[in-house]
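We count ligands from 1, going down the list as the structure has it; atoms in each ligand are counted the same way. Counting begins at 1 with the first residue of the sequence.
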Amino acid sequence: MKKKTVRDADVAGKRVLLRVDLNVPFLPNTSTIADETRIHAVLPTIRYLKKQKASLIICSHLGRPNGKVVKDMRLAPVAYRLGALVGEPIVHVRECIGPVVQQAARELEPGQMLLLENLRFYPEEEKNDLEFAKALASLADIYVNDAFGASHRAHASINAITRYLPAYAGLQMEKELKMLGTALENPARPLGAIMGGAKISDKIAVLRNLIKRVDRLFIGGGMAATFFKAQGLQVGASLVEEESIGVAQDILKKAQGNGVKLLLPTDVVVGDTFAANTPHQVVDVARIPSRATILDIGPKTVDYFADGMRQCRTLVWNGPMGVFEWDAFAQGTRAIAETMADMNNAITVVGGGSTAEAVEELGLTNAMNHVSMGGGASLEFLEGRDLPGISTLPDKED
Ligand code: ADP
Ligand code: MG
């Protein structure tokens, strides 16, 4: 179901409480922002609302201050950068509610911006507290959620707030829902899902949801070892989650039952130990040495996966194929990213924090149709769950 967006709202001359995700990383021990992606992501909605002559009361969390004021987690450096990128100064207050904030909000002219302090300085935020939500709501006429990456949290500025103000999705949120939602609900077929990452236990719910929807499932990363074990192969010293072997068996069975083609690696890169500079070799999956650890998919698998991927019209990818943080074991992940980036006749969608990071490091973010900004939120979405910040946004009426 499509959600009402800012474009459906009459915002001219109104005060808009805009919840965004400005949870940016900083260079260690500085107030220098290390990665501005999240700031850039909120610019389209801000520019749209300004152009429509709304006054903007922008709010976000930053880090995990656990309900207390933490000096290093103030939003001032973010306010400064955001103002510079919009090309206008932004008023920044050091609180989220109360008389000072009330007055600052009242004094905003159409098109002006105010940034509130880190929402998580208030313990009420993470408790989804109604009074806190009401106090935030009293600052504005309309609420816009453009914080997909925080929408898996039932927090006051995400969930409870929608009780008190008419709510709309922002433009980044709209894109997330459209791209992830279409991939799950109404994809161009064949639909392929590529799954990897460290642990199968993190991904069980995603696997269980996707196996009902996809035409092809490609499995790499650390979780492949559990599937090998489920098939009776030896995996040496690779991490296998014994309690998940049954899950892997179940997924293999469901794939067969649902007519899903499930592709597992045919060769892997193994190391003598789990270390960046460990001696390593490519081996067939039937010949994994007894003390070796799987650290990446092998070159035959890269070709096998790439061939299968090229026959898909939609591809969803979550989870690196190997320990991509270590150069020697980054090739599988790089090959999958490059194959996706080259597929002009398919819709390519990337979810998950580490996977998005890998794609960004390879400079391929813009070559994908969509790289989700929401790490944990994108995973919960792929699990098919209702997210507390999304189910509360009203549907479009058409
Ligand atoms: P995402 O955040 O995109 O959902 P995950 O957090 O599930 O992805 O997985 C990312 C991690 O998986 C990376 O840190 C990567 O090093 C690790 N990983 C990938 N393949 C392996 C492997 N074979 N053994 C151990 N760790 C792996
Ligand atoms: Mg992760």
Under a 4.0 Å threshold between the charged nitrogen and the carboxylate oxygen, would [Y] count as salt-bridged to [X]?
X: Lys4; Y: Asp395; result: no
X: Glu117; Y: Arg94; result: no
X: Glu88; Y: Lys50; result: yes
X: Lys134; Y: Asp129; result: no
X: Glu174; Y: Lys3; result: no

At what distance is the nearest protein heavy atom to [atom], and which residue and atom is it?
atom: atom 9 (O) of ligand 1; value: Gly197 CA, 3.3 Å
atom: atom 13 (C) of ligand 1; value: Glu325 OE2, 3.3 Å
atom: atom 25 (C) of ligand 1; value: Phe274 CE1, 3.6 Å
atom: atom 1 (P) of ligand 1; value: Ser354 N, 3.6 Å

If hydrogens are left out, which of Gly271, Gly222, Ser201, Gly332 has an atom nearest to atom 21 (C) of ligand 1, that is, the closest non-hydrogen atom?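 Shortest heavy-atom distance from atom 21 (C) of ligand 1: Gly222.
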When you measure from atom 19 (C) of ligand 1 to each heavy atom in Ala198, Gly322, Ser238, which option holds the nearest one?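 Selected option, by shortest heavy-atom distance: Gly322.
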Would one find an N or O of Lys203, backbone or side chain, under 3.5 Å from an N or O of ligand 1?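 N/O-N/O distance under 3.5 Å: yes.
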Run the numbers for me: atoms of ligand 1, each under 4.0 Å from some heavy atom of [X], listed by number.
X: Val323; value: 16 (O), 19 (C), 20 (N), 21 (C), 22 (C), 24 (N), 25 (C), 26 (N), 27 (C)
X: Gly353; value: 1 (P), 2 (O), 3 (O)
X: Pro320; value: 8 (O), 9 (O), 10 (C), 19 (C)
X: Ile294; value: 22 (C), 23 (N), 24 (N)
X: Thr355; value: 1 (P), 3 (O)

Could I get the full list of ring pair (Phe, Tyr, Trp, His ring centres under 6.0 Å) partners for Phe381, not counting sequence neighbours?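 Phe381 satisfies ring pair (Phe, Tyr, Trp, His ring centres under 6.0 Å) with no residue once adjacent residues are dropped.
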Looking at every heavy atom in both [X] and [Y], which two are closest together, and how far apart are they?
X: Met195; Y: Leu210; value: SD-CD1, 3.9 Å
X: Met340; Y: Thr348; value: O-CG2, 3.5 Å
X: Thr333; Y: Leu362; value: O-CD1, 4.5 Å

Is it true that Asn318 lies under 4.0 Å from ligand 1, counting heavy atoms only?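 Distance cut 4.0 Å: Asn318 passes for ligand 1.
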